[in-house]
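The structure under discussion appears below in the form of C-alpha cells.
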Amino acid sequence: MCAEKMETLKDKTTKGLLWGGMNNVVQQGLGLLIGIVVARKLSRQDYGMVAMIAIFSLIATALQESGFKSALANLRQPRHEDYNAVFWFNVVVGVTCYVVLFFAAPWIADFYRTPELTLLCRVAFLSILFSCLGTAQSAYLFRNLKVKEQAQCNMTATVCSNLIGLTMALTGCGYWSLAVQTLSYIGLNTLLLWRTSEWRPTLHFNFEPVRKMFGFSWKILATSILERINTNVMNVLLGRFYTKPEVGDYNQAYQWSSKVFYLLQGTLAQVAQPVFTDVADEHERQLRILRKLVRFTAFLSFPLLLCFGLVSEEFIVLAIGEKWIHSAHLLKLLCLSGAFIPVCSVLTNLLISKGKSGTYFWVTFGQCVLLIATMLVLHSYGIRTMVVAYVIIYALWTLVWHFFVGRLTGYSLLAFLKDIGGFALIALTIVVVVHLLTAGITTLWLLLVVRVMLTTLFYYIVMKLLRVKILDECVAFVKNKINRR
C-alpha cells in the first residue's frame with residue numbers, strides 16, 4: 001500500500017511537472033514571440049505607463065486572494081464549505097478593492113504626475129473583479145494536483161489574450177494594448193477555470209471556515225503583498241524619480257528576464273506545495289524530495305538565465321530594436337538574480353507546506369525593508385547602480401531562505417551549496433569561456449546563434465562527463481514519453 005501511494009505521488013508529480021512545463025513554455029514562449037512584435041510597435045513610454053500602475057492591481061489581487069489558495073492546499077481534506085466560504089469572501093474583498101482603487105485613481109495619477117493614468121487605472125483594475133471569481137476554482141484544481149486542467153485553461157487564455165494584445169498594438173492602440181491584454185487573459189482564464197472545475201459555489205454564507213484559516217492565510221496574504229512590492233519596487237521608485245521611457249527600459253528588461261525564470265518557477269509552483277504537504281509526516285522522504293527539486297531547479301535555472309544574460313544585447317537589438325539597447329544592459333544584470341529566484345521558490349514552498357507562514361512573512365518583510373531602503377539611498381546614483389544592488393540582495397537572500405528551511409528539515413548549508421553550487425559554477429564558467437571564444441564575431445544574429453549553441457553543447461558535455469544523475473533522468477523521461485507515443 002505504501003509503495004502504491006509513493007508511486008501514485010511520483011506519477012502525479014511527474015505529470016504535474018510535465019503539464020506545468022508545457023503551460024509555462026506556451027505562456028512564456030508565446031509571450032516572447034508576441035512581445036517581440038508588440039515591443040517593436042510600442043514606445044518606451046507606453047511600457048512605462050503600464051509598469052507604473054502594475055503594483056496596485058497586483059496588491060489588490062493579493063488582497064482578494066487573501067492567501068486562501070495556500071490555506072486550502074494545506075488542508076488534508078478540504079470540504080465544500082471551505083471552498084464556498086473562500087469564494088464568497090474573495091468576491092466581497094475583490095469588489096471592495098476595485099471600488100477603493102477606482103476612486104483612488106486620480107491620486108495615483110497625481111503621484112506620478114501623469115493625468116492619463118486615471119482612466120488607465122480604472123480599466124486595468126477591472127482584472128481584480130474577474131480574478132476574484134476564479135480563486136476558489138483555481139484552489140480546487142491546485143489542491144487536487146489537476147495540473148493538466150489548469151495548464152489547458154492557462155494556455156488557451158494565453159493564446160487568445162496575446163492575439164488580442166497584438167491586434168490592438170498593430171492598430172495603434174498604444175499602452176491600451178498592454179492593459180487590455182492582461183485584462184482579457186484574467187477574464188478568459190477565469191471563465192475556463194469555471195468550465196473545467198467540478199466545484200460550484202452555493203448561496204450559503206458561512207464564513208466560519210475563513211475565520212479558521214485566517215491565522216495561516218493572513219500571513220500568506222501579507223507575504224504576497226510584500227513579494228509584489230519587492231518585484232515592483234523599482235517600477236514605483238523609477239516612476240517617481242525618472243522619466244516614463246526610463247521606467248519602460250527597466251520594465252522591458254525585467255519582463256524578458258522574468259519570462260525565463262517564470263518558465264521554471266511557474267512549473268514548480270504547480271506541484272511543490274501539494275507534494276510537500278502529502279509527505280509532511282515523512283521527514284526523511286520530504287527532505288529527499290526537497291533536495292531533488294532543488295538540484296533539478298539549479299540544473300536548469302543557472303544555464304538558462306546565465307546564457308540569456310550572455311546574449312541579452314544581441315537578443316534585444318535583433319528582436320525589438322536599437323531603441324531598447326539600454327534595457328539590454330539592465331537585462332544582463334537581472335539574469336544573475338533571476339537564476340536564484342526559482343531555487344528560492346522551492347524553499348518557500350517547503351515553508352508554506354510546513355505551515356510556517358509566519359516565517360515566510362517575516363523573511364519577506366526583511367527583504368522588502370532592505371530593498372526599499374537601499375533603493376531610496378541609491379536612486380540618485382542612477383538606475384544601473386540601483387539594479388546592481390537589487391541583484392545582489394536577491395542573490396544573497398537565497399541563503400536566508402535556506403537558513404530557515406534548514407532549521408525545519410535538517411538540510412545543511414553544505415548540502416545546499418553542494419546541490420546548487422556545482423551547477424552555478426559550471427554554468428558561469430561555460431558562459432565566460434563562450435564569451436571569450438566568440439568575442440570576435442561581429443554579425444549579431446550569428447553571434448547569438450553561436451553563443452546559444454556552444455553554451456548548450458558545453459553544458460551537456462560537462463554534465464555527461466560528470467555523470468550528473470539529473471541529466472540522465474531528464475533524458476530517460478523524454479525518451480519514455482517519445483516511445484509511448
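Residue indices begin at 1 and follow the sequence shown. Not measured: the values here are computed from a predicted model.
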How long is the straight-line distance from [atom2] of [Y] back to [atom1] of [X], given to the nearest 0.5 Å?
X      : Y      : atom1 : atom2 : value
Thr96  : Leu101 : OG1   : CG    : 11.0 Å
Ser345 : Phe340 : OG    : CZ    : 15.0 Å
Leu351 : Tyr360 : CG    : OH    : 8.5 Å
Leu193 : Ser131 : CG    : OG    : 9.5 Å
Met375 : Ile383 : CE    : CD1   : 12.0 Å
Leu192 : Ser138 : CG    : OG    : 12.5 Å

Next item on the list: Indicate the ring-plane relationship of His326 and His329, choosing parallel, tilted or perpendicular according to the 30° and 60° boundaries.
Entry: perpendicular
Notebook entry, point to check: Given the rule in the side chain to side chain contact (heavy atoms under 4.5 Å, CB included) test, do Leu117 and Tyr175 qualify, once you have shown the distances and angles that lead to the verdict?
Noted result: CA-CA 11 Å; Leu117 285 180; Tyr175 54 80; over 6 Å; no
Item checked: Full working for side chain to side chain contact (heavy atoms under 4.5 Å, CB included) between Thr182 and Leu178 -> CA-CA 7 Å; Thr182 302; Leu178 299 173; 5.9 Å; no
Side-chain donor-acceptor distances from residues 448-456 under 3.5 Å, at least two apart:
{"unit_1": "Arg451", "atom_1": "NE", "unit_2": "Thr438", "atom_2": "OG1", "d": "2.8"}
{"unit_1": "Arg451", "atom_1": "NH1", "unit_2": "Leu310", "atom_2": "O", "d": "3.4"}
{"unit_1": "Arg451", "atom_1": "NH1", "unit_2": "Glu314", "atom_2": "OE1", "d": "3.1"}
{"unit_1": "Arg451", "atom_1": "NH2", "unit_2": "His435", "atom_2": "ND1", "d": "3.2"}
{"unit_1": "Thr455", "atom_1": "OG1", "unit_2": "Arg451", "atom_2": "O", "d": "2.7"}
{"unit_1": "Thr456", "atom_1": "OG1", "unit_2": "Val452", "atom_2": "O", "d": "2.8"}

Would you confirm whether [X], through its side chain, and [Y], through its main-chain N or O, come within 3.5 Å as a donor-acceptor pair?
X      : Y      : value
Asn84  : Thr202 : yes
Thr114 : Tyr112 : yes
Ser257 : Leu331 : no
Ser301 : Ala298 : no
Lys332 : Ser312 : no

Heavy-atom pair with the smallest gap, counting every atom of [X] and [Y]:
X      : Y      : value
Val391 : Leu333 : CG2-O, 3.3 Å
Val431 : Cys307 : CG2-N, 4.1 Å
Thr118 : Pro106 : OG1-CA, 3.7 Å
Trp324 : Gly248 : CZ3-O, 3.5 Å
Leu306 : Ala424 : CD1-O, 4.2 Å
Ser177 : Met168 : CB-CB, 3.6 Å

Taking the side chain as C-beta and beyond, is there a heavy-atom pair between [X] and [Y] under 4.5 Å?
X      : Y      : value
Trp199 : Trp194 : no
Phe299 : Met463 : yes
Phe296 : Phe423 : no
Leu129 : Leu126 : yes
Gln367 : Tyr394 : yes
Leu447 : Thr442 : no
Tyr185 : Asn162 : no
Thr156 : Leu188 : no

Notebook entry, point to check: Could you give all pairs that pass the salt bridge (Lys or Arg N to Asp or Glu O under 4.0 Å) test and reach residues 110-136, with sequence neighbours left out?
Noted result: none
Note to self: Would you say OH of Tyr381 has more than 12 non-hydrogen atoms from neighbouring residues, nucleotides or ligands within 6.0 angstrom?
What the structure shows: no
Next item on the list: Return yes when atom CZ of Arg200 has more than 12 non-hydrogen atoms of other residues, nucleotides or ligands closer than 6.0 Å, and no otherwise.
Entry: yes
Margin query: The criterion is side chain to side chain donor-acceptor pair (under 3.5 Å); which residues satisfy it with Glu198, sequence neighbours excluded?
Written below: Tyr140
Notebook entry, point to check: With a 6.0 Å cut-off on ring centres, are Phe308 and Phe315 close enough?
Noted result: yes
Notebook entry, point to check: Could you walk me through whether Tyr390 and Tyr254 pass the side chain to side chain contact (heavy atoms under 4.5 Å, CB included) check?
Noted result: CA-CA 12 Å; Tyr390 179 90; Tyr254 180 80; 4.2 Å; yes
Checklist line | Residue pair Ser327, Gln252: steps toward the side-chain hydrogen bond (donor to acceptor under 3.5 Å, both in side chains) verdict | finding: CA-CA 6 Å; Ser327 72; Gln252 190 72 252; over 6 Å; no
